[in-house]
K.L.:
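Got a structure for you, written out below as structure tokens; questions coming shortly.
Computed from a predicted structure; not experimentally measured.
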Amino acid sequence: MPPKVDLAGKTFGRLTVIEEAGRSNADKVLWRCLCECGTETTVVGGDLRSGRTTTCGCGIVRAVVARSRTHGQSRTRLYRIWCAMATRTTNPNSERYADYGGRGITMCPEWRASFETFARDMGPTYADGLTIDRINVDGNYEPSNCRWATYAEQARNTRRTRYLTFLGQTKAVSEWNELLGLKPGVVLSRIDDSGWSIERALTAGADPDALASLRKD
């Protein structure tokens, strides 16, 4: 493994590196940077060295949104979904950038340039209560890789999906939560943080009728 390059004090475009800031979910070194606009942001080191990221994102998302604000849908949920995609794939200052743009995930040029194009491609199958889902979680936001899904379906399609086996049945944690009436995050916290067994983690506070039904099966 090559030695880590110290980027502290160096300038890349409008960004000046302040200090190392840990690692991303993809295990890449992150650096805390100060943009000329005064905003601090965290950027993957490889993106700085390659020239891929040279600002905190100031102006990028504003320009994209401004180009698509003549459609009369700026207050719709569909438009908010499009804006959120643009932010997490283009703005290093976004809290979710490391999991999207920082991993190389982008919006296809047609969608990035035009909300109307996104609405034309995805609007016909849209429904309130659904969320945009990438079929290949390592792929981009583009017509061939996107669909609308429920939150439960999307949770089962993430690259961090955990499966647990209980009473002879193997399900994603999100499925167990839904089936047993447990709050999201509780089960894994019990197992990973408190060292509980799978049985104890799934049964404590679970819906009694759901448990009885499982045990009958």
K.L.:
Would Asp133 and Trp148 satisfy side chain to side chain donor-acceptor pair (under 3.5 Å), going step by step from the backbone distance to the final call?
P.N.:
CA-CA 6 Å; Asp133 183 46; Trp148 296 109; over 6 Å; no
K.L.:
Please answer whether the main-chain N or O of Ala172 pairs with a side-chain N or O of Glu175 as donor and acceptor at a distance below 3.5 Å.
P.N.:
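Between the backbone of Ala172 and the side chain of Glu175 there is a qualifying donor-acceptor contact (under 3.5 Å).
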K.L.:
Hey, what do you get for CD1 (Ile198) to OG1 (Thr203), rounding to the nearest 0.5 Å?
P.N.:
11.5 Å
K.L.:
How many angstroms lie between CZ in Arg88 and CZ in Arg103, if you round to the nearest 0.5 Å?
P.N.:
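So the gap between those two atoms works out to 11.5 Å.
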K.L.:
Which atoms form the tightest heavy-atom contact between Leu180 and Leu214, and what is the distance?
P.N.:
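Taking every non-hydrogen atom into account, CD2-CD1, 3.8 Å.
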K.L.:
For Ser197, which residues count as a side-chain hydrogen bond (donor to acceptor under 3.5 Å, both in side chains) partner, sequence neighbours excluded?
P.N.:
none
K.L.:
Shortest non-hydrogen contact from Leu78 to Ala119?
P.N.:
CD2-CB, 4.1 Å
K.L.:
Give the minimum heavy-atom separation between Ile18 and Ala8, together with the two atoms involved.
P.N.:
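Reported closest heavy-atom pair: O-CB, 3.9 Å.
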K.L.:
Are the side chains of Leu164 and Trp176 in touch, meaning some heavy atoms are under 4.5 Å apart?
P.N.:
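Yes, side chains in contact.
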K.L.:
Side chains of Tyr141 and Arg112: is there a donor and an acceptor less than 3.5 Å apart?
P.N.:
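Note: Tyr141 and Arg112 side chains miss the donor-acceptor criterion.
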K.L.:
Side-chain contact, heavy-atom cut-off 4.5 Å: Leu30 with Val43?
P.N.:
no
K.L.:
Could you state whether Met85 and Met122 fall into the same hydrophobic cluster, counting links through intermediate Ile, Leu, Val, Met, Phe, Trp or Tyr residues with side-chain heavy atoms under 4.5 angstrom apart?
P.N.:
yes
K.L.:
Please examine the side chains of Tyr97 and Thr53, heavy atoms only from C-beta on, and report whether any two atoms are closer than 4.5 Å.
P.N.:
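Yes, side chains in contact.
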K.L.:
Tell me the closest heavy-atom pair linking Ala21 and Thr42, and the distance in Å.
P.N.:
CB-CG2, 4.2 Å
K.L.:
Tell me every residue that passes salt bridge (Lys or Arg N to Asp or Glu O under 4.0 Å) with Asp47, counting only those two or more places apart in sequence or in another chain.
P.N.:
none
K.L.:
Ignoring hydrogens, what is the shortest heavy-atom contact between Leu48 and Cys33? Give both atom names and the distance.
P.N.:
CD1-SG, 4.0 Å
K.L.:
Start with the C-alpha distance between Lys10 and Thr16, add both sets of side-chain angles, then the distance that settles side chain to side chain contact (heavy atoms under 4.5 Å, CB included), and finish with yes or no.
P.N.:
CA-CA 6 Å; Lys10 295 184 178 180; Thr16 298; over 6 Å; no
K.L.:
Could I get the full list of salt bridge (Lys or Arg N to Asp or Glu O under 4.0 Å) partners for Glu142, not counting sequence neighbours?
P.N.:
none
K.L.:
Looking at CZ of Arg200 and CZ of Arg190, how far apart are the two atoms once the value is rounded to the nearest 0.5 Å?
P.N.:
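It is 8.5 Å, given to the nearest 0.5 Å.
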K.L.:
Are the side chains of Phe12 and Leu7 in contact, using a 4.5 Å heavy-atom criterion?
P.N.:
yes
K.L.:
Hey, does the side chain of Arg49 reach the backbone of Val5 with a donor-acceptor pair shorter than 3.5 angstrom?
P.N.:
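No, Arg49 side chain to Val5 backbone: no donor-acceptor pair under 3.5 Å.
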K.L.:
Would you check if Leu202 and Val187 make a side-chain contact, meaning some heavy-atom pair closer than 4.5 Å?
P.N.:
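In short, these two side chains touch, coming nearer than 4.5 Å.
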K.L.:
Do you know the tightest heavy-atom contact between Asp121 and Pro143?
P.N.:
OD2-CG, 3.6 Å
K.L.:
Find the distance between CZ (Arg14) and OG1 (Thr54) and round it off to the nearest 0.5 Å.
P.N.:
8.5 Å
K.L.:
Is there a chain of hydrophobic side chains (I, L, V, M, F, W, Y, each step under 4.5 Å between heavy atoms) that links Val186 to Val173?
P.N.:
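Shared cluster, no.
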K.L.:
Is it possible for you to say whether Leu34 and Val44 belong to one hydrophobic cluster, with membership spreading through side-chain heavy-atom contacts below 4.5 Å?
P.N.:
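Not linked; separate clusters.
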K.L.:
Side chains of Arg147 and Ile135: does their closest heavy-atom pair fall under 4.5 Å?
P.N.:
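Touching, per the 4.5 Å side-chain cut-off.
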K.L.:
For the backbone of Asp209 and the side chain of Ser213, can you confirm whether one donor and one acceptor N or O come within less than 3.5 Å of each other?
P.N.:
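Side chain of Ser213 to backbone of Asp209, a donor-acceptor pair under 3.5 Å: no, none is there.
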K.L.:
Show the numbers, then the answer: is there a side chain to side chain contact (heavy atoms under 4.5 Å, CB included) between Lys183 and Asn177?
P.N.:
CA-CA 6 Å; Lys183 293 181 179 180; Asn177 289 338; over 6 Å; no
K.L.:
Hey, does Asn140 have a side-chain heavy atom less than 4.5 Å from the side chain of Met107?
P.N.:
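When only atoms from C-beta onward are counted, Asn140 and Met107 do not touch, as no gap falls below 4.5 Å.
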K.L.:
To the nearest 0.5 Å, what is the distance between OG (Ser114) and CZ (Arg120)?
P.N.:
8.0 Å
K.L.:
Taking atom CD of Glu116 and atom OH of Tyr79, what is their separation to the nearest 0.5 Å?
P.N.:
9.0 Å
K.L.:
Is there a side-chain contact between Thr117 and Cys108 in this structure, where contact means two heavy atoms from C-beta onward sitting under 4.5 Å apart?
P.N.:
no
K.L.:
Verify, without hydrogens or angle tests, whether Thr41 (side chain) and Pro92 (backbone) share a donor-acceptor contact under 3.5 angstrom.
P.N.:
yes
K.L.:
Where the side chain of Trp82 meets the backbone of Trp111, is there a donor-acceptor pair that is under 3.5 Å apart?
P.N.:
yes
K.L.:
Indicate the ring-plane relationship of Phe115 and Phe118, choosing parallel, tilted or perpendicular according to the 30° and 60° boundaries.
P.N.:
tilted
